[in-house]
Amino acid sequence: MGSLNEKKQRFLCLHGFRTSAEILKKQVVGRWSSSVVEKLDLVFVDAPFPCQGKSDVEGFFDPPYYEWFQFNKEFTEYQNFDNCLAYIEDCMIKYGPFDGLLGFSQGGVLSAALPGLQEKGVCLANVPKVRYVIIIGGAKLKNQAIAEKAYSLPIKCPSVHFIGKEDLLKEYGSELVESFVDPLVIHHPKGHTIPRFDEESLQQMLSFLERIQGDISMTEEKQTEIAKKDS
């Protein structure tokens, strides 16, 4: 059991293509067990660009809708990608510091790529290292120049990957998992969506959160010891 004053892990949450912070918040908070949500300090932000076409969630969720960057049909050429990275860094400075990133779909693609890009000095130079990622319906970036930087080294930060049995992108999600050193993969029966937990996946998720809580507590203890020695 955690203590009442236990520090919650703060995650920046990146929504899917042509959706919004509000939509992701409704899905995560509405579908995930309160025992998971209560352990996290979730900050939801809208992507920087207004939706430039039809949204798949039209009729299900109200607009406005946003997109992180634009891309061609093959997902190999991007527009506004650098602006997107700069915007995410601004959000991390404004609302952080953050322990990790949570992303769904296009937000999941970004969340999974950012630790590697940060490691290579491509982005997020002015914020602490991304320590954990939670990826729902993610995939790899296909732009060769960016992908070489994002995935050239095994990504060391602990990660959770939700992969849906009916998700048309599931093979891309499985391919992404291979880039991580220590991934926890949670399979669910649904499609490209934020899934609810069953008993097994809930236990897996709670174990992951307990583990990162332990990491954070250890880091804080070390920092306190160093501060005492320096004073």
Side-chain angles (χ1 to χ4, degrees), residues 11-31 42-96 98 101-118 122-125 127 130 133-151 161-164 166-173 175-176 190-195:
F11 277 74
L12 181 66
C13 304
L14 311 182
H15 62 76
F17 185 59
R18 295 182 178 167
T19 70
S20 69
E22 190 55 37
I23 293 168
L24 182 61
K25 185 177 183 178
K26 272 183 186 159
Q27 291 178 305
V28 169
V29 175
R31 292 179 191 172
L42 300 172
V43 177
F44 297 85
V45 292
D46 287 320
F49 302 104
C51 170
Q52 295 185 17
K54 190 167 167 40
S55 168
D56 287 344
V57 301
E58 222 171 279
F60 299 99
F61 293 100
D62 294 333
Y65 313 121
Y66 302 90
E67 53 198 52
W68 293 99
F69 57 92
Q70 296 77 41
F71 48 88
N72 65 346
K73 206 170 133 194
E74 294 74 34
F75 201 54
T76 53
E77 288 173 29
Y78 309 144
Q79 282 178 297
N80 288 313
F81 190 75
D82 289 344
N83 294 340
C84 165
L85 297 182
Y87 172 81
I88 291 171
E89 183 172 60
D90 287 345
C91 289
M92 290 175 90
I93 291 166
K94 191 173 175 183
Y95 306 114
F98 289 95
L101 298 167
L102 178 153
F104 169 62
S105 197
Q106 192 185 28
V109 171
L110 278 166
S111 298
L114 283 165
L117 292 173
Q118 186 183 36
V122 175
C123 63
L124 309 186
V127 292
V130 176
V133 290
I134 299 170
I135 311 296
I136 308 152
K140 280 183 165 186
L141 292 162
K142 297 285 181 200
N143 176 289
Q144 205 178 339
I146 301 169
E148 276 171 9
K149 294 187 175 79
Y151 319 110
H161 304 256
F162 288 84
I163 298 177
E166 301 298 323
D167 190 346
L168 297 174
L169 301 179
K170 72 176 177 186
E171 63 177 288
Y172 301 112
E175 187 194 347
L176 172 65
K190 300 288 187 186
H192 196 65
T193 187
I194 313 289

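Hydrogens, waters and symmetry mates are skipped; everything else that's a heavy atom, side chains included, is used.
Among all heavy-atom pairs drawn from G16 and S105, the shortest one is CA-CB, 4.0 Å. The shortest non-hydrogen separation linking R18 to V57 is O-CG2, 3.9 Å. Considering all non-hydrogen atoms of both residues, W68 and A47 come closest at CD2-CB, 3.3 Å. Considering all non-hydrogen atoms of both residues, L24 and C13 come closest at CD2-CB, 4.0 Å.
Screening I88, V133, L117, L141 for a side-chain contact (heavy atoms from CB on, under 4.5 Å) with L110, the sole residue that qualifies is I88. Exactly one of Y65, F49, F71, Y66 qualifies for a ring pair (Phe, Tyr, Trp, His ring centres under 6.0 Å) with F17. That residue is F71.
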- Task: Under the side chain to side chain contact (heavy atoms under 4.5 Å, CB included) rule, what do V127 and Q118 come out as? Steps first, then yes or no, please.
- Result: CA-CA 10 Å; V127 292; Q118 186 183 36; 4.0 Å; yes

- side chain to side chain contact (heavy atoms under 4.5 Å, CB included) between Q144 and T76, intermediate numbers included: CA-CA 7 Å; Q144 205 178 339; T76 53; over 6 Å; no

- Query: Can you list the steps and then say if F75 with V109 is a side chain to side chain contact (heavy atoms under 4.5 Å, CB included)?
  - Reply: CA-CA 11 Å; F75 201 54; V109 171; 4.1 Å; yes

- Run the side chain to side chain contact (heavy atoms under 4.5 Å, CB included) check on V130 and M92 step by step: do they pass? CA-CA 10 Å; V130 176; M92 290 175 90; 4.2 Å; yes

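Separation of atoms OG1 (T193) and CG (D167) is listed at 9.0 Å; rounding is to 0.5 Å. We find the CG-CZ distance between L12 and F98 to be 4.5 Å, quoted to the nearest 0.5 Å. Note that CG of L14 and CG of D46 are 11.0 Å apart. Values are rounded to the nearest 0.5 Å. Within the model, atoms OH of Y151 and CG of L176 stand 6.0 Å from one another, a figure rounded to the nearest 0.5 Å. Between atom NE2 of residue H161 and atom CD1 of residue I134 there is a gap of 10.5 Å, rounded to the nearest 0.5 Å. Remark: L102 CG to I135 CD1 distance equals 7.5 Å, nearest 0.5 Å.
For the pair L169 and H192, the minimum side-chain heavy-atom distance is below 4.5 Å.
In the displayed structure, K149 atom NZ is contacted under 6.0 Å by at most 12 heavy atoms of other residues, nucleotides or ligands. Counting non-hydrogen atoms of other residues, nucleotides and ligands closer than 6.0 Å to NZ of K25 gives a total of 12 or fewer. By the neighbour-count criterion of 12 heavy atoms within 6.0 Å, atom CD of E74 is densely surrounded, having more than that number from other residues, nucleotides or ligands. Annotation for D56: atom CG does not count as buried by contact number, only 12 or fewer foreign heavy atoms lying within 6.0 Å.
Between K190 and E166 there is no salt bridge, since none of the side-chain N atoms of the basic residue sits less than 4.0 Å from a carboxylate O of the acidic one.
Between the E89 side chain and the A125 main chain, a donor and an acceptor come within less than 3.5 Å of each other.
Judged by the 6.0 Å distance and 45° axis criteria, K26 is not positioned over the aromatic ring of F61.
Y78 and F81 have tilted rings, their planes meeting at an angle from 30° to 60° on a 0 to 90° scale.
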